[in-house]
Protein chains: 2
Amino acid sequence: MPNKHSTQYKILDAAQSLFAETGFNDTSLRQITSLAEVNLASVNYHFGSKKELIQAVLQRYLIVLMPRLDQEFTRLLAAQQPNNLNQVLTVFVKPLLELNKVNQNGTRIFLQLLGRGYADVQGHLRWFFNHHYGRVLDKLVLLVQQACPDLPPGELFWRLHFSLGTVVFTMASNEALAEIAQADFNEKVDIEGVILRLIPYLSAAIAAPVPTVSQISQTAPMLASEGR
Amino acid sequence: MPNKHSTQYKILDAAQSLFAETGFNDTSLRQITSLAEVNLASVNYHFGSKKELIQAVLQRYLIVLMPRLDQEFTRLLAAQQPNNLNQVLTVFVKPLLELNKVNQNGTRIFLQLLGRGYADVQGHLRWFFNHHYGRVLDKLVLLVQQACPDLPPGELFWRLHFSLGTVVFTMASNEALAEIAQADFNEKVDIEGVILRLIPYLSAAIAAPVPTVSQISQTAPMLASEGR
DNA sequence: GTACATTTCAAACACCTGTTTAAATTGTGG
DNA sequence: CCACAATTTAAACAGGTGTTTGAAATGTAC
């Protein structure tokens, strides 16, 4: 059934582009089916519901990406001495760029979809992702912990989520940013360029020195008195 | 007309909470008016349209925050020697926390709204913001440039947007993150705590060493061959 | 070629959206 | 109290949403 020109594929291809551009909630099934040149009802026939279509669109990439990432994480975990942060983050590059084999502009589209997935806080997406791929991310956390042994677990938690925010936001607004960069600095930037710029940024961010309690309390008292 | 219990205020208060929680597009006027206990038509009567209501909700905070930020930026720009990044970023703390005077939980709500504003890419919001407050942000760029004189302008552009993504995403998903942190690490985290954690993170990120061309080209060839 | 399952299709479904209308109500200055 | 403006109200508007239906078309195995 996986004909490259089947109705399913036409729907998935149309849906992913529109989802990436406009977000999940702001893309209607009628937009999708008219771009795919298929009947409106075929979405519900083949995928059941819009919710399941969204998951199918993401799954097409995740099913390729996550095992590749898992493989890279496992390889790094097997190393004798702990890896530094740059090494850990760099393993994302190849698997991400291989998504261009799944689909034209696959890397860009997938990362945009990821951004949309977190922006429209669709509860089911978060569950879907953690349920299927939580184990893989645990390995990443372990690697980062090994790379930054001085970082308290709580601090690491926040910094990983900060970093997720950086990636997700950057990708969601990728087109707009790339246009501005082109106009203001005359540098052509593609998705690969952005990924390579992110690595040193995130690397330094995650490994940033943890402020001591005394440093925090310089500003803290003011806050407590002004709250509410 | 600015009675604290007027219809306008009831609408604004209900709207900001729902917008922050669910996003602009996913919050209906009927949800807002029923929470505010006013008639549906009063939104269009008092604000004209939903678009203008969104801007009014944001404006209530921006009109307080931005002059305060402008004042801080100007003060720092007048200093004899250039300020370091930590000093520059720290000036955000006080003006942001003063938003709690505008409204209960004002700081958290405003930052969540900011996140929503960039997530639902409503073109009019970007325009609205740049049109009214572009000048203020130019001063911030100047300050960061002075703090990081070795950073090429193009790189600085990207890193500031990366940082915006960090803040915006973190705030948009703030509730969810705080809950997880509470459950997993048993640390109560409020908006002030998040802001204070962000500063060293962003500071290190923006000032990260710029990779040399030779470092990039180690991974680049593979990309070019696989990209389409 | 006939029987059966799969897939397509146009139409309708029930519901939700932002906005507008015109009448009823309330507030206000003379 | 009256006249006039400002505000509130219920109702309807036109259009969009995801989903369902039942008949038509197509594919497939015997």
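Lettering follows sequence order; numbering is per chain, from 1. Not measured: the values here are computed from a predicted model.
- Using cut-offs of 30° and 60° for the angle between ring planes, the B:F162 and B:W158 rings count as tilted.
- For A:N39, a side-chain nitrogen or oxygen approaches OP1 or OP2 of C:dA10 to under 4.0 Å.
- In terms of phosphate contacts, A:S28 brings no side-chain nitrogen or oxygen within less than 4.0 Å of OP1 or OP2 of D:dG16.
- The separation between A:E37 atom CD and C:dC9 atom C1' is 15 Å, rounded to whole Å.
- Rounding to whole angstrom units, CG of residue A:D26 and C1' of C:dC16 are separated by 15 Å.
- The phosphate of D:dT8 (OP1 or OP2) has a side-chain N or O of B:H46 nearer than 4.0 angstrom.
- For the ring pair (Phe, Tyr, Trp, His ring centres under 6.0 Å) test, no residue two or more places apart in sequence or in another chain qualifies with A:H46.
- Across all strands shown, A:S42 has no heavy atoms under 4.0 Å from either base or sugar-phosphate atoms.
- In this structure, A:Q31 places its CD atom 17 Å from P of D:dG15, rounding to the nearest Å.
- Distance CD1 (B:I11) to P (C:dG18): 13 Å, rounded to an integer number of Å.
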Could you list, one pair per line, each protein nitrogen or oxygen that sits under 3.5 Å from a nitrogen or oxygen of nucleotides 19-21 of chain D, together with the distance?
residue: D:dT19; atom: OP2; partner: A:N44; partner atom: OD1; Å: 3.2
residue: D:dT19; atom: OP2; partner: A:K50; partner atom: N; Å: 2.9

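- Within 4.0 Å of B:T27, counting heavy atoms only, lie sugar-phosphate atoms of the nucleic acid but no base atom.
- Not less than 6.0 angstrom separates the ring centroid of B:Y9 from the ring centroid of B:H5.
- Residue B:L97 holds its CG atom at 7.5 Å from CG of B:L196, rounded to the nearest 0.5 Å.
- The nearest whole Å value for the distance from the CZ atom in B:F47 to the P atom in D:dT7 is 12 Å.
- Note: B:N105 CG to B:Q16 CD = 9.0 Å, rounded to the nearest 0.5 Å.
- Using the six-membered ring where Trp is involved, A:F129 and A:Y133 have ring planes that are tilted, between 30° and 60° apart.
- Looking only at distances, a side-chain donor or acceptor of B:K50 sits under 3.5 Å from a matching main-chain atom of B:F24.
- OP1 and OP2 of C:dT7 both lie 4.0 Å or more from every side-chain N or O belonging to A:T7.
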